[in-house]
Protein chains: 2
Amino acid sequence: MAKHDPDLSLLFSALADPTRRSILTRLAQGPAKVTELADPTGLRLPTVMRHLSVLKTAGLIATTKDGRIRTCEIRPEALHPARTWLDQQRATWEARLDRLDAFVVNAMKERDQ
Amino acid sequence: MAKHDPDLSLLFSALADPTRRSILTRLAQGPAKVTELADPTGLRLPTVMRHLSVLKTAGLIATTKDGRIRTCEIRPEALHPARTWLDQQRATWEARLDRLDAFVVNAMKERDQ
DNA sequence: ATCATGCTTAGCCATGTAGCTAACTAACGC
DNA sequence: GCGTTAGTTAGCTACATGGCTAAGCATGAT
């Protein structure tokens, strides 16, 4: 059984909320101020701040403050472990299919002999 | 802003728990009975049943019952929307980098003229 | 200095979640 | 038929989460 990786849980949990996903999609297009992110969501600022905090804790965004303006930007490398985990499941599954294929091919060879 | 897709929330939420990820990893290697999945987790059966229920609701696994044995197997295609979403963010981000590259190259050309 | 703007924090509420125990049903083996 | 095994359901607990309001701080504009 694979060992417990807390970063993956934070990561997938952060992605589990639609508001946070929409924020990430917006930030993938380029940095944005907090209010620029909040307006399209229709949520109150403290709620958006909380969502941003979750994304920051998961390492998915970074923020910088200039005066009273806080700018958020995506950290795309943070999505890498999620993609890796998904790829690993696919690799395991496809290796299994390959083994099944080989097994079927062998079985048909022996049946033909 | 991208539209709200409830399946993605179920999907990422299901993946946010380490026990459920370990179950999926095991099932990627091949089908397994409920007790085979439960034993390595050290959790009580009702808890494991709940985790399986979450995975089933997210479409990540399917189960079949033969007598008193319930066998679970992975539905790897259900991971596809997650990978797609991740790929879309990467594509958006990399398109932005390409645009930045072109901008920088142009700026340097104009500076040299 | 005052007002406006942008953000931040604290606390509350309702809902959801991950674990458990207890009790139960269904299938299997002898 | 009886005991065992595999799974299921209901309910509880403690904690987490997504939303809000209220209040506050810091910065910017006039």
Side-chain angles (χ1 to χ4, degrees), chain A residues 1-27 31-73, chain B residues 1-27 31-73:
Chain A
M1 205 53 76
K3 67 178 186 296
H4 176 188
D5 184 347
D7 287 345
L8 273 181
S9 300
L10 279 184
L11 198 47
F12 285 124
S13 182
L15 299 177
D17 181 79
T19 298
R20 292 201 284 271
R21 288 201 298 282
S22 66
I23 286 172
L24 285 171
T25 297
R26 166 64 186 80
L27 290 178
K33 300 181 306 183
V34 168
T35 48
E36 285 174 349
L37 295 174
D39 286 345
T41 68
L43 302 177
R44 299 307 172 94
L45 258 185
T47 306
V48 175
M49 295 301 296
R50 174 174 286 206
H51 282 308
L52 293 179
S53 173
V54 170
L55 290 171
K56 203 185 301 184
T57 300
L60 287 162
I61 68 168
T63 70
T64 51
K65 196 160 190 185
D66 182 16
R68 64 188 184 183
I69 305 294
R70 180 172 293 280
T71 303
C72 313
E73 53 183 49
Chain B
M1 202 53 77
K3 67 179 184 295
H4 175 189
D5 183 349
D7 286 345
L8 272 181
S9 300
L10 280 184
L11 198 47
F12 285 124
S13 182
L15 298 177
D17 180 80
T19 297
R20 291 200 286 272
R21 287 202 298 281
S22 67
I23 287 172
L24 284 170
T25 297
R26 167 61 185 84
L27 289 178
K33 300 180 310 184
V34 168
T35 48
E36 285 174 347
L37 296 173
D39 286 344
T41 69
L43 303 175
R44 299 306 172 98
L45 257 184
T47 306
V48 175
M49 294 303 297
R50 174 173 288 207
H51 281 308
L52 293 178
S53 175
V54 171
L55 291 170
K56 202 184 301 184
T57 300
L60 287 163
I61 67 168
T63 69
T64 50
K65 196 158 189 185
D66 183 16
R68 64 187 184 181
I69 305 292
R70 181 173 291 279
T71 302
C72 311
E73 55 184 49

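Chain letters run A, B, ... following the sequence lines, proteins first, then strands; residues in each count from 1. All of these numbers come straight from a predicted model, not from anything done at the bench.
In this structure, the side chains of A:Leu27 and A:Leu60 stay at 4.5 Å or more apart for every pair of heavy atoms. Contact of the B:Thr71 side chain with the B:Asp66 side chain is not registered, since no non-hydrogen atoms from C-beta on lie closer than 4.5 Å.
Side-chain atoms of B:Arg68 come within donor-acceptor range of the base of C:dA27, with a qualifying N/O pair under 3.5 Å.
Nucleotides of DNA chain D nearest to B:Thr71 and A:Val54 differ in position, and the one nearer the 5' end is that of B:Thr71. Toward the 5′ end of DNA chain D lies the nearest nucleotide of A:Ala16, the other residue of the pair A:Ala16 and A:Lys65 mapping further downstream.
Distance, A:Ile69 CD1 to C:dT8 P: 10 Å, rounded to whole Å. Atom C1' of nucleotide D:dT27 and atom NZ of A:Lys33 are separated by 13 Å, given to the nearest angstrom. Look at CG on B:Asp39: it is 12 Å from C1' on D:dA6, rounded to the nearest Å. Between the CZ atom of A:Arg70 and the P atom of D:dA26 there is a distance of 14 Å, rounded to whole Å. Atom C1' of nucleotide C:dT8 and atom CG of A:Leu37 are separated by 16 Å, given to the nearest angstrom. Put simply, CG on B:Leu43 is 15 Å from P on D:dG7, counting in whole angstrom units. Atom CG in A:Asp66 sits about 17 Å away from atom P in D:dA26, given to the nearest Å.
A donor-acceptor pair is defined here as one N or O able to donate and one able to accept, closer than 3.5 Å; such a pair exists between the side chain of A:Ser9 and the backbone of B:Ala16. Using modelled atom types, no side-chain atom of A:Ser53 and backbone atom of A:Met49 make a donor-acceptor pair closer than 3.5 Å. At distances below 3.5 Å, not a single donor-acceptor pair connects side-chain atoms of B:Arg70 with backbone N or O atoms of B:Val34. At distances below 3.5 Å, not a single donor-acceptor pair connects side-chain atoms of A:Arg20 with backbone N or O atoms of A:Leu15.
In this model, the phosphate group of D:dG7 is approached by a side-chain N or O of B:Thr35 to a distance below 4.0 Å at OP1 or OP2.
For A:Asp17, the listed nucleotide lying nearest its side chain is D:dG18; candidates were D:dG18, D:dA6, C:dG19. Of the candidate nucleotides C:dC7, D:dC20, C:dG19, C:dG19 has the atom lying nearest to any side-chain atom of B:Thr19.
Sorted by residue number, the members of residues 44-52 of chain A with any non-hydrogen atom under 4.0 Å from DNA chain D read A:Arg44, A:Pro46, A:Thr47, A:Arg50, A:His51.
For the side chain to side chain donor-acceptor pair (under 3.5 Å) test, no residue two or more places apart in sequence or in another chain qualifies with B:Thr35.
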